[in-house]
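See structure below.
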Amino acid sequence: MSRHHIATHAYDFRTGWVRIPPTTMTPDQAEALRDRGFTIVRSRRGWFGMRELPLTWYIPRSDTSGGSRIPIAPADEQSAKLRQRLSASADAESEADSVVAPLPATRRARQRAGEDER
């Protein structure tokens, strides 16, 4: 059985680290600290296990469906946009291929010893 995290300090960006009474971190305790303006807790687990963890680590997600919070377009719209981008980049590549890049000089800037003799 794993040990519980015991919070000893909490972080607020205005005041910095604040010592709090050692409490076992539960979702209710994490929400209470978050409501007071704290974002991170310094918690210990065991004798030497000290960590700084965000409060969101202890708070369960409100949506249990596992869905994304960011609205994502349906797959058909995404694939159409991707096809447009690919076709546009293919046109750009064909124009870039028609421009001939200058070739680098074939002679060395500093000649090797013995090259003049050849």
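Note that the structure is predicted; figures quoted are calculated from it, not measured.
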task: Answer yes or no: is there a side-chain heavy-atom contact under 4.5 Å between H5 and T24?
output: no
query: Should V18 and I6 be regarded as members of a common hydrophobic cluster, given that ILVMFWY residues are connected when their side-chain heavy atoms come within less than 4.5 Å of each other, either directly or indirectly?
result: no
message: When you measure from the side chain of S43 to the backbone of M50, do you find a donor-acceptor pair of N or O atoms at a distance under 3.5 Å?
response: no
- prompt: Of all heavy-atom pairs between G37 and D12, which one has the smallest distance, and what is that distance?
  reply: O-OD1, 3.4 Å
field: Point-to-point distance, once rounded to the nearest 0.5 Å, from CD1 of I40 to CD of E52
entry: 7.0 Å
Heavy-atom check, side chain of E31 versus side chain of I59, under 4.5 Å: yes
message: Is it the case that over 12 heavy atoms from other parts of the model lie below 6.0 angstrom from the CZ atom of R44?
response: no
task: Would you give the length of the straight line joining atom CG of L55 to atom CZ of R36, rounded to the nearest 0.5 angstrom?
output: 10.5 Å
Of L53, D28, T26, L33, the residue whose pairing with Y58 passes side chain to side chain contact (heavy atoms under 4.5 Å, CB included): L53
field: 4.5 Å side-chain heavy-atom contact, R42 and W17
entry: yes
